[in-house]
Amino acid sequence: RPPATVFEATLCTTTSDDVVFAGEAAAAAGSSEAAKQRLSPSTDDSLASPRADGFSIAVHNLNPATALVGVRIQVGLAQPSRVPATARIAGTGREERIGEGACRWIDLPLTAAEAVRLHRCLTVEL
């Protein structure tokens, strides 16, 4: 498992023009740009699942000079009653269990091999 400190040495690309969000959560927000605005570190807004049983969001990296190395998610801040049971990046075989009603940050770092394999697109499942 990669070290959780990987996020302290990386650049947040949430609002970058090189990142496009797709999937149920982006569609529920209205567009990739609307999802970016909701996920921006400069806002208290959030994305909520359009379904009671969870959702997925795909993160597409359009810049071949950069790689996605993981995802950091905050759960439970906006709607503690709708916290997902687990969080995972598809294709990694790992998942993070989340306690009911939890309000915390979830770190999902990638190994070097996963970052190479998923550098163009990864899907977060909640």
Side-chain angles (χ1 to χ4, degrees):
R1 184 171 177 118
T5 57
V6 68
F7 295 102
E8 277 62 44
T10 59
L11 174 68
C12 177
T13 60
T14 302
T15 58
S16 168
D17 291 338
D18 294 330
V19 171
V20 175
F21 292 104
E24 301 158 315
S31 68
S32 175
E33 287 303 313
K36 280 184 189 185
Q37 289 174 359
R38 288 185 179 188
L39 296 173
S40 169
S42 63
T43 182
D44 289 334
D45 210 348
S46 62
L47 290 178
S49 175
R51 300 186 337 251
D53 61 343
F55 70 95
S56 64
I57 186 164
V59 183
H60 297 274
N61 174 22
L62 305 178
N63 184 344
T66 63
L68 300 169
V69 297
V71 177
R72 179 173 272 175
I73 306 164
Q74 186 175 25
V75 298
L77 187 63
Q79 297 176 339
S81 63
R82 294 189 64 181
V83 172
T86 60
R88 72 180 145 265
I89 296 177
T92 64
R94 291 186 316 276
E95 71 178 24
E96 179 78 23
R97 297 229 177 260
I98 307 167
E100 185 177 331
C103 181
R104 68 182 183 104
W105 287 95
I106 307 295
D107 288 340
L108 300 170
L110 298 173
T111 64
E114 290 166 347
V116 168
R117 186 168 42 88
L118 301 171
H119 78 282
R120 302 291 282 163
C121 180
L122 62 82
T123 301
V124 179
E125 300 170 337
L126 298 162

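Please read all numbers here as calculations on a predicted model, not as lab measurements.
- If you run side-chain hydrogen bond (donor to acceptor under 3.5 Å, both in side chains) between Asn63 and each of Thr13, Asp18, Asp17, only Asp18 comes through.
- Distance OG1/Thr14 to CZ/Arg38: 15.0 Å, rounded to 0.5 Å.
- Take Arg104 and apply the side-chain hydrogen bond (donor to acceptor under 3.5 Å, both in side chains) test, not counting sequence neighbours, and it matches Glu96.
- Atom OG1 of Thr10 and atom CG of Leu68 lie 10.5 Å apart (nearest 0.5 Å).
- Remark: Ser46 engages Ala78 in a side-chain contact (heavy atoms from CB on, under 4.5 Å) (not counting sequence neighbours).
- Salt bridge present: Glu114 and Arg94 bring a charged side-chain N and a carboxylate O closer than 4.0 Å.
- In the hydrophobic clustering (ILVMFWY side chains linked at under 4.5 Å, chained through shared members), Leu77 stands by itself.
- For the pair Arg72 and Trp105, the tightest heavy-atom approach, listed with the atom from each and the gap, is CG-CE3, 3.5 Å.
- Taking both residues in full, the closest heavy atoms of Ala35 and Ala26 are given as CB-CA, 4.1 Å, listed atom of the first, atom of the second, then distance.
- Within the model, atoms CG of Leu126 and CD1 of Ile98 stand 6.5 Å from one another, a figure rounded to the nearest 0.5 Å.
- Under the side-chain contact (heavy atoms from CB on, under 4.5 Å) criterion, Ala34 pairs with Ala29, Ser31, sequence neighbours left out.
- For the side-chain hydrogen bond (donor to acceptor under 3.5 Å, both in side chains) condition, the pairs that include at least one residue of residues 117-126, sequence neighbours left out, are Arg88-Glu125.
- The closest side-chain heavy-atom distance from Cys12 to Pro41 is below 4.5 Å.
- In this structure, the side-chain contact (heavy atoms from CB on, under 4.5 Å) partners of Leu62, at least two apart in sequence or on a different chain, are Val20.
- Applying the salt bridge (charged side-chain N to carboxylate O under 4.0 Å, His left out) test to every pair with at least one member in residues 53-64, sequence neighbours left out, gives these pairs: Arg51-Asp53.
- Within the structure, salt bridge (charged side-chain N to carboxylate O under 4.0 Å, His left out) contacts touching residues 55-66 (residues at least two apart or in different chains) do not occur.
- A donor-acceptor contact closer than 3.5 angstrom links the side chains of Thr66 and Asn61.
- Counting all heavy atoms, side chain and backbone alike, Gly99 lies closest to Val83 at O-CG1, 3.9 Å.
- The backbone N or O of Ser16 sits less than 3.5 Å from a side-chain atom of Lys36, completing a donor-acceptor pair.
- Distance check, rounded to the nearest 0.5 Å: CD1 of Ile73 to CD1 of Ile106 gives 7.0 Å.
- Partners of Thr43 under the side-chain contact (heavy atoms from CB on, under 4.5 Å) rule, at least two apart in sequence or in another chain, are Ser40, Asp45.
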Working note: Phe21 + Leu39, criterion side-chain contact (heavy atoms from CB on, under 4.5 Å); need CA distance, chi angles, decisive distance, verdict. CA-CA 10 Å; Phe21 292 104; Leu39 296 173; 4.0 Å; yes
